[in-house]
Structures are given as C-alpha cells and as structure tokens.
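Computed over heavy atoms, backbone and side chain alike; hydrogens, waters and symmetry mates excluded. Keep in mind the model is a prediction, meaning the values are calculated, not measured.
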Amino acid sequence: MNKRRYWTGAKRAPAQDKYFIDALDPGLWTRGDETDWDACWHTGMPARGVFRTMKPGQWVNHIPGNHALTVKSRLFASLDAARRRAPAALQDRYRFFPESYLMPEDYHALQREAFRHPEKRWIVKPKSLSRGRGIEVMADASAAPVDQKMLVQDYLSAPHLFDGRKYVLRCYLAIMSVEPLRVYLYREGFAKLASEPYRDGGFENLYAHLTNPDVNALNENAETAVEFHSFANYRRWLAKNGADPDGVFRALRDMAAITAIAARDIMRERIKKSGAWAPGCCELIGMDCMVDADLKPWLLECNLSPSLDVCAAPDAGGAMEEGIKRAVVADLVAMADLNNGDSKPVDPDDIAAVIAASEREAESAGDFERIYPADDAGGFFPFFPAPRYADIALAEATGIRGADDYRFAANAAGEYAFDDEIVLHSNAANKLMSPSTAGAYIWLRASGGDAPGDIARDLAELTDADDADRAALQTVWDTLADWGAADLLTPAGATPQPSDARAASALSPAWAGAQTIRFAGQTFRIRFASPEIAQRIDPVLASLHISDDDATDADEISVLTEKAGYAIAMGPRLVRANLRLAEIASALGDVLKNATQTNPDAPLLAASLWRIGDRTALVASSQLTRWDSLGAACLEGGDTALIAGACKLGDRPGSVISVPLPARIKIDDAESSPAFVSQWRDETRGAFIAIETTADGEHSVDVVIIPAFESARDETVTTALSGRRAFLALASMIEKDALTGNAAARLAQWPDIVPCAEIKCHDRQAGARAVLAAIKNGASNEAPFPDRFVKAERPDQFSGSTASSAASAASPTASSTSS
C-alpha cells in the first residue's frame, strides 16, 4: 500500500511540527513536500495556492478567512457586528471583549473617552503580532500611537488574582467544519501567571501586568519567571478559595461558541473565494482569556497556530504543559481521521455522509468537548444571521430542535418589482440583491412572517423531483442565511443596533487666511493654516466665492497642518487626515459634497451633468476612479457645456440637483480640455475641468449614459438598458453608504421615464462619438434607447408553474447577485 504524505510548512521552531508528526501512524504516513502532500501542518497561514489547488481528501490545519478571529482588530469587528445584529435580549452575552480603538481612525474617540474617564487605563497592542511583541500598558491615552498597525483597548484593571498574581487562561478551540459549523473546546489548558505580584499602577513594570511567557521569561529577578497551572489545578484552587469553577468554565464555553459563530460567515465566504476543499480545512486556535475580580472571563485574543513550544520549566508546570500540548494535537489528528487508512473523502453536499462523519469525529474527540452543536444548540441559533440547512440537519440528527418556529422580518429592506423579477435593498448593508424566481418567492413568504418549514413544504409541492422536501428546505434555509448575512432579514422581534459613530475633533491653529463660498445652496467659511493651501484650492473655488458681507449662517471648514501632511475639519470634527498638498483640493471637494447631504433621501450621484445640444445628459463617472473623461470628451464635439461635476438625486423621478463642482479627468486627457487645475487623486495624476455655469436647482435628465472603458476591445458597443438592468446601473452611481430605501424607491421609477444606455468603448474619443450618437437617436425615440414601458406591479404570489420550475432550477440553493 502506498503511504500517504504529510508536509510541514513551519515558519518557527521544529517543535511546532513535532507533536503532529508523532501523532501520525508511521505505517500509513511518510514525509512529502509542498508539491506532494495529503496532509499539511502549517505554522502560520500557507500561501493562497495551497487552498486554491486543494483536492478532495487533502487536509490542512487552517481555514481561509480565519483572520476574522486571529487578527485583533478583525476579531473586534466580527464580534461588534454580530452584537449589533443580535436580538436585544442576547446582546449582553457579547460583552466579553474589551472596548477597542483602531488606530488611527479612532484616535480622537479614544481621547474623548479618556477625558470622560480619567481613571481608565489602556493597553496598546499590534493588530497582528503575537507572543507579547509590541504590547504596552499606559495610563495616559494622549501618548497612544496613531500607527495604523496598532490597537488600543480598555485595560481590565480589576483582575482576579492567583496567589496575588495576574493570570490569563489559555484555552484551545478547534473549528473542525464551517458548514455545518462544528466547534470544540479542549477540557484542559493553562493558567499563565505573571512573574511579579500585581498592583494597581506602576505600568512600567510589565512583569506585573502582562502574563505572556515570552515577556516574563526576560525577568531575571523572578525566582520563577514562567509558571503554568493546568485547568485541573486551577479548578481545585478556585473551589478551595470559595469560587465556582463550573461557572467560570460555562462562561468560557459560551464565549467560545459565540465567537466562532460570529466569524462563520466570513470564513465560509473566504473558503468559496479561495477554492479550498471545505471538508479538509480546520483551525486550532489558542484563546487567551482574562478573569476579572467578579470571576467574569474576558476574551483578549485568538492566536493563530498557537505555540507548541514548552515555555515553563519542568518544576513550574513544564512537564504538564508538554503533555497537554501533545494531547491537543493528537486528539485533533484523531478527529480529522488522518490515521484511518480506509477513510474516503466526504461529499459536502451529501448531508447524510456529513452527519455520519461528524458523529465519528465527536466519538474520536478525546478531551475535546463539542460545544457546538451540543445539547443547547437550538439556543445558539439566534446568534447566527440565520443558521444554514446543514447546521439544522446536524443539530436535529443529534436530537436538537429549535428552528421549527423560526420567523424573520425585513430589516429596513426595500423591494422593487419589474415584471416577475424583484430587486431587494438593505439600508443596513447598503446592498442591492436580485434573487432568482424561487428566491423571490421565499422572500415574499419569509418577509411576511411565514415559518421556513412552511415555505419549504409549499415549495416542495410545486416540484416532482426526488427528495423534494429536503431540497426545498435546503433552498429556503440557505437563501435565508445569505440574506441574514447581508442584513436583509433579521430574526423576528430583533432590533438591530447602529454602529457607534466615532467622530473626531481638531485643534484650531493660527490661521493664514480664509474664503467664503456659496455651494449647493449653503454658505461655508473655509480657513487655511498655510498660504500654500490657498494657492492649490483657489482655482477650484474661484467661481463659488462670495463677499463676507453676503455670508450668513456659514458652516466652518478648517484646513489644518499636521505632522505628516494636512487634514480637514468640519467644525470640531476631523473628516480627512494624512493628506498630501496635491490631494487637498480633491479632498475638499469631497468634504463639500458630503456636507450638503443633509437629506439622506437625496444622495450624491457619481456622475456629472452635461448640456449636449438641447439635451441634458447624466454621464456616470468611472466606478473605479470617479473620472468624468467620457463626458468631457463630448466638449470636442461642440455645443456641449458642463453644468456640474456632481449632482444629487432630485425629488421628482428623472431629475437631479446640480452640485457645482468641477469634473475630474485623467491627466492624459487634460491637454485637449479647457481650463483645468492639475491635481493628484489616489496616486494617479488628474485634472479638474472648470464648470461653465453654476446653475443651481433641479434639472430634468433627458438621457443617462453608463460608460465602461474596455482597453482590450477595438469597437464601441452601445446597449440599451431597461427594467431591472437599468435600475441596477442607476443605483451603482450612488455610494453604497448613501443608498436609502426612499432614494432607491424613487430611482426604481427612472427606467419608466428616462432612456438609459451603457456604452463600452476603448478610448474617450470613440466613447464621445457614441454618446453624441446615442443622444441624437434617443431624441428621436430611435435605438439604442428602449421604448417606454409600463412598470410592473409587485406580484402578490407566484403561479404554480413558475414557482415549480424556479424551485427545481434553484435547488439546492437560490442564486443571487449583488450590486
């Protein structure tokens, strides 16, 4: 029999591989390499190609997307997003992670919090490093670094002490599958002690405040620099001192399950994008938790590839440490079934096979306890955006129920119908989704409060396919899970919480000058910290200047100097930072546009407004760069003028409000354009075209042009857009953070009123010719624009034949696209 091959891709000491190699059956395994392997044990994340080239039957000890747990800033983001989405009754169960501030964007929020709570202390950590590198405890938040690699957290200043010393619990978490989610927590682990007695204050003494063994090993004054205690000893010590060890470990178990659930959809999505064979990916994580004086555990971090080195001396817990680490790896290998010569790859679409493999895995878990799914699995369902069909099937196979009466509600979603097609919009996620016909049927039922099981039974009746009930149930649950992850649906009764706004503030310097302008109906007083700033932005603002005597109720904008460049503040709030001199004019334009967004239902469009002949054309900017080169090229065709380089959605369908800013073009196009100001934008040299009129007010749009530059094509192609395609193209012009339900509802009426065409071209001159031709043809109601059509009403129900064919085609999952 040919032996299977293992490959160890270690970036650290050989000890990281030793326990894995020892756990493999030498009769079944021999060493391979990165080009020939059946099992990969990799310290740190392997290259993307390892996942991209995985074949069924291969196994690797990492999961794509694990950064949602193992990078400190991403861990906070994962848990914070999950907490805000959860029902209000469950949100307190997420409060096990210290409040975190990501540098540099949360710098001023940190300063305000420190001002309000001078008694607080802070711990500074690198977002990605491990082993205690770069950690600092500080009492004065004003000294916090603004380096984008850093994270600042509330310092838990009332720790529970082990014989007078601070300690952290190292727990081992194993995620053996992402779908269905299977999570294990090892019954053993360590209490890692600081090497000196704890006292409040004295933060320069890291040996009293940090428990990391790599830090404490440097303490030459400690009799025992690194000391570990097993969980068994820790439990005895707690009980001896009148504490409840079972309560502490129940909280740890709850924390571990909720944390894994919070990251599940991120990992699932990354697995799909990476091309990895999902059943062959697992993750072993070292969870570090601190226990406070009230015996509440707090999650500090989740470590990728936790150290397998022996840190403590033999008489300070080292022998016990080695035994536990060896057993953790051996039990992980057993759960993965690597020493079974007769094992066959599991088909992830064969639910029965997945359930059978899951039960074999649990029976081989050794000291790993499966914490999800477990006896209380149904109680964790509300922590998911929505459980997937595989999660429910596995839970029910173990006798757990809890999804039978699940109900959903639309999460501030808008829906727009075009014939028998529906487009969904979520305010929370700022996304548009276009479900399949079966998906539209599921949406209509689920958003109306019907139970998923009832929806599936009705859907199954519409198809004669084998195993229809299971296929329909899988379609329903997986579709609902996709929408839950996109925040289109929420569990019935939940009240999603908004993310905390962390506005910044700025200090006023000595001013070098000021200008007053009128912009989009508002007055602004702009102050400059240095004369070179005014030199750069004067040409951009020249047409907007007004006399100070005409200024009333002006909003204040300050352009500041900072250590590494320039910043812009709107009143007391810092809105742009780390700007180079050449970027200020472009950034100031963005600030002015955003300042006019007092009405969220009239969002800005990434498009410029042009007068071409007697027609008013709305020309979308390039989505990647926000360039207006195609509209600008029409100037060379004569009888063309730029009304405004930006505009807002008007109150009437088919109308926009001009925002008098210059249009942006590439520098390569600037030589043949009229007056322009050389600028830099996003590392690309560009220019502004001066507007010829500052006509404010609402404009009726005659035509909409959607440009798409394709350098590989020689021909220019004009395609008429109507119905759903036109709506999605129009919606793509609105910044994703600004698309409200009311705005989307008005925009959905545009395809009935305004002709819309997509123009694919290889250069701006060819595109301009196509634009002028399209406008000429559109004016005479000829191609390429569509005939007027009647907007379809929202269907109340789907016919049996339509839903039947949709269900059959969509099974086992409903497809969707997003824009």
Side-chain angles (χ1 to χ4, degrees), residues 11-12 43-45 62-84 94-107 109-110 113-114 120-138 141 143-157 159 166 168-173 175 192 203 206 209-215 252 255-267 270 283-292 296-307 499-500 502:
K11 297 180 181 178
R12 298 208 290 259
T43 301
M45 281 299 283
H62 291 296
I63 299 173
N66 59 27
H67 64 275
L69 295 172
T70 58
V71 175
K72 298 176 186 68
S73 56
R74 301 291 183 88
L75 173 62
F76 170 71
S78 299
L79 289 168
D80 187 57
R83 176 185 61 81
R84 287 187 283 105
Y94 284 95
R95 302 192 187 282
F96 52 74
F97 193 65
E99 188 68 24
S100 300
Y101 301 85
L102 311 183
M103 296 293 109
E105 58 266 36
D106 291 337
Y107 178 80
L110 171 65
E113 181 68 8
K120 276 194 173 185
R121 302 297 181 261
W122 315 93
I123 186 164
V124 181
K125 303 177 180 179
K127 294 176 182 177
S128 299
L129 296 181
S130 60
R131 296 195 165 197
R133 290 172 293 176
I135 292 179
E136 179 183 358
V137 180
M138 59 174 50
V146 295
D147 189 333
Q148 64 179 357
K149 298 178 181 178
M150 304 305 288
L151 167 85
V152 181
Q153 287 181 318
D154 284 3
Y155 179 71
L156 304 175
S157 57
K166 189 176 177 181
V168 162
L169 302 180
R170 162 57 60 90
C171 306
Y172 291 101
L173 177 73
I175 301 174
K192 303 184 290 186
F203 296 108
L206 293 182
H209 291 272
L210 301 184
T211 62
N212 190 281
D214 293 284
V215 173
L252 288 169
M255 173 197 304
I258 291 173
T259 299
I261 291 171
R264 192 278 280 278
D265 283 298
I266 296 173
M267 293 188 290
R270 189 58 65 90
E283 195 73 51
L284 178 66
I285 288 173
M287 272 185 20
D288 282 343
C289 307
M290 200 196 89
V291 180
D292 67 18
K296 174 184 176 178
W298 292 80
L299 177 61
L300 301 183
E301 60 187 16
C302 291
N303 292 277
L304 178 73
S305 294
S307 173
S499 58
D500 294 332
R502 288 179 170 177

Item to complete: Carefully, step by step, assess Leu79 and Arg83 under the rule side-chain contact (heavy atoms from CB on, under 4.5 Å).
Response: CA-CA 6 Å; Leu79 289 168; Arg83 176 185 61 81; over 6 Å; no

So CG of Leu300 and CE of Met287: to nearest 0.5 Å the spacing works out to 10.0 Å

Test side-chain contact (heavy atoms from CB on, under 4.5 Å), reference Leu304, set Leu284, Asn66, Leu69, output is Asn66

The single option from Lys72, Lys125, Gln153 that satisfies side-chain hydrogen bond (donor to acceptor under 3.5 Å, both in side chains) with Ser100 is Gln153

Rounded to the nearest 0.5 angstrom, the CZ-OG distance for Arg170 and Ser307 is 7.5 Å

Contacts of Lys192 meeting salt bridge (Lys or Arg N to Asp or Glu O under 4.0 Å) (sequence neighbours excluded), chain-then-number -> Asp288

- With the side chain counted from C-beta on, respond yes when Pro297 and Met290 share a heavy-atom pair under 4.5 Å apart, and no when they do not. no

(Q) Tell me if a side-chain donor or acceptor on Ser78 pairs with a main-chain N or O of Ala262 at a distance below 3.5 Å. (A) no

Here the pair of heavy atoms bringing Gly44 nearest to His62 is O-NE2, 3.1 Å

task: Could you check if a side-chain atom of Phe76 sits within less than 4.5 angstrom of a side-chain atom of Leu151, using non-hydrogen atoms only?
output: no

In this structure, CE of Met255 is separated from OH of Tyr94 (nearest 0.5 Å) by 13.5 Å

Start with the C-alpha gap between Leu299 and Leu75, add the side-chain angles, then the distance that decides, and say whether side-chain contact (heavy atoms from CB on, under 4.5 Å) holds. CA-CA 10 Å; Leu299 177 61; Leu75 173 62; 4.0 Å; yes

>> With side-chain contact (heavy atoms from CB on, under 4.5 Å) as the criterion, how do Ile285 and Tyr172 come out once you've worked through the C-alpha distance, each side chain's angles and the decisive distance to 0.1 Å?
In response: CA-CA 6 Å; Ile285 288 173; Tyr172 291 101; over 6 Å; no

With a 4.5 Å cut-off on side-chain heavy atoms, are Phe96 and Thr259 touching? yes

*Side-chain touch His67/Met45, heavy atoms, less than 4.5 angstrom*: no

message: Checking the side chain of Glu283 only, and the main-chain atoms of Ile63 only, is there a donor and an acceptor separated by less than 3.5 Å?
response: yes

Query - Contact check, side chains of Tyr101 and Asp154, non-hydrogen atoms, under 4.5 Å - result: yes

Keeping the roles fixed (side chain from Ser305, backbone from Thr43), state whether a donor-acceptor pair exists under 3.5 Å. no

Run the side-chain contact (heavy atoms from CB on, under 4.5 Å) test on Cys171 and Leu252 for me, step by step, so that the C-alpha distance in whole Å, both residues' side-chain angles and the decisive distance to 0.1 Å come before the verdict. CA-CA 9 Å; Cys171 306; Leu252 288 169; 4.2 Å; yes

